[in-house]
Amino acid sequence: MDHSKNSVLSLTVLSLLSSAVILLCFLSATRFPRPCPAPNPASVHAPADGLGSALARAAMPDKTLIIAVVNGAYAEQGVESDKTMLGLFLESFWLGEGTRGLLDHVLVVAVDEAAHRRCLFQRLHCYRLETEGVDFGGEAVYMSKGFVRMMWARTQFLTEVLRRGYSFIFTDTDVMWLRNPFVRLSRNQSVDLQFSTDLFNGDLRPEKNLINTGFYFVRSNNKTVELFETWYAQKDNATGKKEQDVLQDLAREGAFGELGLNVQFLDTRYFSGFCQDSKDIRAVCTVHANCCRSIGAKTLDLTAVLQDWKRFRQSDKEENAAVGGVNGTAAPYRWSDHVGCSKSWKRVGNSTLIS
């Protein structure tokens with residue numbers, strides 16, 4: 001009899017304890033609910049949001065910015081050099097006239113982790129562009145398979161930037177910014193694209209010049225978005241050609257006119273390169289290490305460009321101090337010879353000398 005009572009009592013106590021536990025769990029869940037296990041929308045759209053925030057940080061109020069694409073070879077120092085292409089590019093903004101503030105509007109797009117780390121270390125506006133299954137870390141020698149793939153990845157990225165409503169100057173990092181180029185670009189809102197060229201023949205029209213995609217300004221609108229989409233769509237039918245060649249073909253085939261694009265070319269007096277030096281150092285805005293094959297050669301000759309620029313600035317100050325103003329009769333300035341780039345095209349036997 002006692003045993004039976006004890007069993008009933010034990011069962012009652014256990015039942016009460018179980019009820020208490022359930023009640024506590026219910027109250028706890030009500031007052032302190034667990035986070036919903038559903039995916040976080042921000043994490044799902046992280047790549048798009050990451051690009052959006054990067055563009056917004058770098059852009060001017062009118063949604064214009066400057067974009068440069070780099071890989072580790074352009075951002076890291078070689079064993080035998082204390083210079084980098086990215087370093088020279090940034091130094092030119094420091095040394096140039098009216099260019100320091102523009103660095104606040106430069107977005108550095110890193111195509112590998114080494115370049116991204118270097119960009120972050122420099123405290124620049126940085127964006128990591130990942131291309132699945134492709135390593136862009138090494139030197140992409142001109143017209144190599146790696147070089148061509150990188151150029152197409154760049155084109156795809158820039159197409160997305162235009163879709164988002166951002167206008168931009170695209171610049172290779174082997175372009176030295178000696179003066180603010182926006183001053184020399186057309187302010188006419190109807191001009192959609194302004195391209196640099198290796199050899200300017202005095203005619204601004206697109207059918208009269210060869211495109212160089214190492215420096216250009218593009219205004220975001222439906223026409224330019226369609227052009228870039230058409231351009232990128234040619235990628236798989238462009239064996240043996242780089243993206244610049246394909247765009248040149250589209251221009252020759254009349255794509256600019258069909259899309260109603262207003263395209264102009266930039267005078268090498270202001271936007272020069274090693275193919276055609278500017279003859280007016282008092283007016284030149286940019287100097288591009290075009291007509292050059294390797295990073296080592298570009299680094300050597302662009303270092304000389306910045307040295308030339310510093311010497312000119314110093315002599316100009318001294319001249320102005322002596323005569324009380326700019327002497328318009330000064331002799332044309334002669335740039336240093338581009339020794340490294342000239343040698344970079346030489347062949348030894350069946351191999352190409354690239355450094």
Side-chain angles (χ1 to χ4, degrees), residues 45-70 102 104-111 124-131 136 148-173 175 181-182 185-197 206 211-236 238 242-251 253-266 271 286:
H45 301 292
D49 289 345
L51 175 56
S53 60
L55 292 169
R57 286 194 302 271
M60 301 172 193
D62 65 351
K63 295 189 73 173
T64 299
L65 70 156
I66 300 158
I67 297 176
V69 175
V70 297
L102 294 177
D104 293 335
H105 302 293
V106 174
L107 177 63
V108 176
V109 179
V111 297
L124 304 169
H125 295 302
C126 310
Y127 179 75
R128 173 72 166 93
L129 177 62
E130 298 187 46
T131 304
F136 290 132
V148 173
R149 282 198 299 268
M150 189 186 298
M151 296 304 100
W152 281 116
R154 183 177 88 179
T155 303
Q156 184 181 31
F157 171 79
L158 296 174
T159 304
E160 178 60 24
V161 174
L162 286 176
R163 289 194 191 109
R164 290 166 178 261
Y166 287 90
S167 304
F168 56 83
I169 286 179
F170 176 81
T171 175
D172 283 341
T173 52
V175 176
F182 286 102
L185 293 174
S186 174
R187 298 174 183 270
N188 188 337
Q189 294 289 317
S190 70
V191 179
D192 303 299
L193 281 151
Q194 298 176 67
F195 285 111
S196 63
T197 184
I211 295 169
N212 188 310
T213 54
F215 184 95
Y216 61 91
F217 174 76
V218 54
R219 198 179 303 280
S220 176
N221 55 45
N222 292 337
K223 294 180 292 183
T224 55
V225 169
E226 187 173 353
L227 173 67
F228 272 62
E229 289 175 343
T230 302
W231 181 16
Y232 184 73
Q234 306 297 311
K235 173 176 68 73
D236 296 329
K242 59 185 181 297
E243 93 310 344
Q244 180 175 289
D245 300 329
V246 174
L247 185 60
Q248 188 70 58
D249 289 344
L250 288 173
E253 292 163 8
F256 292 170
E258 290 173 8
L259 292 171
L261 288 161
N262 185 353
V263 179
Q264 292 185 357
F265 276 78
L266 300 171
F271 301 91
T286 60

I'd like to know whether Trp231 forms a side-chain contact (heavy atoms from CB on, under 4.5 Å) with Thr159, so could you lay out the CA-CA distance, the side-chain angles of the two residues, the decisive distance to 0.1 Å, and finally the verdict. CA-CA 9 Å; Trp231 181 16; Thr159 304; over 6 Å; no

Check Val246 against Gln234 and note the closest heavy-atom contact, atom names and distance. CG1-CB, 3.5 Å

Do Ile67 and Leu65 pass the side-chain contact (heavy atoms from CB on, under 4.5 Å) test, and can you show the C-alpha distance, the side-chain angles, and the key distance before you say yes or no? CA-CA 7 Å; Ile67 297 176; Leu65 70 156; 3.8 Å; yes

Just verifying a value: how many Å separate Lys242 NZ and Met150 CE, rounded to the nearest 0.5 Å? 15.0 Å

Heavy-atom side-chain contact between Leu107 and Phe168 under 4.5 Å: no

Lys235 vs Glu243, test: salt bridge (Lys or Arg N to Asp or Glu O under 4.0 Å). Steps then yes/no. CA-CA 8 Å; Lys235 173 176 68 73; Glu243 93 310 344; over 6 Å; no

Considering all heavy atoms of both residues, which atom of Val191 and which atom of Arg219 are nearest to each other, and what is their separation? O-NE, 3.2 Å

Under 4.5 Å between any side-chain heavy atoms of Val111 and Phe157, yes or no? no

Test side-chain contact (heavy atoms from CB on, under 4.5 Å) applied to Arg164 and Leu55, step by step: CA-CA 9 Å; Arg164 290 166 178 261; Leu55 292 169; 3.7 Å; yes

Mind checking whether Leu193 and Asn262 have side chains closer than 4.5 Å, heavy atoms only? no

Scanning both residues in full, the closest heavy-atom pair of Ala153 with Leu129 reads O-CD2, 4.3 Å

Side chain to side chain donor-acceptor pair (under 3.5 Å) between Thr64 and Asp62: does it pass, once the steps are laid out? CA-CA 6 Å; Thr64 299; Asp62 65 351; 3.1 Å; yes

Side chains of Asn212 and Phe195: closer than 4.5 Å at any heavy-atom pair? no

With a 4.5 Å limit on heavy-atom distance, are the side chains of Val218 and Leu162 in contact? yes

Val108 side chain reached by Tyr127 side chain, heavy atoms, under 4.5 Å: no

What are the two closest heavy atoms between Val175 and Gly214, and how far apart are they? CG2-O, 3.9 Å

Minimum heavy-atom distance Thr155-Phe228, with the two atoms named: O-CD2, 4.4 Å

Would Val225 and Asn222 count as a side-chain contact (heavy atoms from CB on, under 4.5 Å) here? Give the steps. CA-CA 5 Å; Val225 169; Asn222 292 337; 5.7 Å; no

Should Glu226 and Lys223 count as an ion pair when the cut-off is N to O under 4.0 Å? no

As an exercise, state the distance from CG of Leu250 to CD of Glu258, rounded to the nearest 0.5 Å. 9.5 Å

Please check: side-chain N/O of Ser196 versus main-chain N/O of Leu266, any donor-acceptor pairing under 3.5 Å? no

Heavy-atom nearest pair, Cys126 first then Ala54, reads O-CB, 4.3 Å

Leu185 CG to Gln264 CD distance, which is reported to the nearest 0.5 Å: 10.0 Å

By ring pair (Phe, Tyr, Trp, His ring centres under 6.0 Å), which residues pair with Phe170, not counting sequence neighbours? Tyr216

Whether the side chain of Gln244 engages the backbone of Thr213 through a donor-acceptor N/O pair (distance < 3.5 Å, no angle test) should be reported. yes

Asp172/Arg154 ion pair, N-O < 4.0 Å: yes

With the side chain counted from C-beta on, respond yes when Ser167 and Lys63 share a heavy-atom pair under 4.5 Å apart, and no when they do not. no

With sequence neighbours excluded, tell me which residues meet ring pair (Phe, Tyr, Trp, His ring centres under 6.0 Å) with Phe271. Phe215

Reported CD1-to-NE2 distance for the pair Ile66 and His105, which is rounded to 0.5 angstrom: 7.5 Å

Could you check whether any side-chain heavy atom of Asp192 comes within less than 4.5 Å of a side-chain heavy atom of Phe256, counting everything from C-beta outward? no

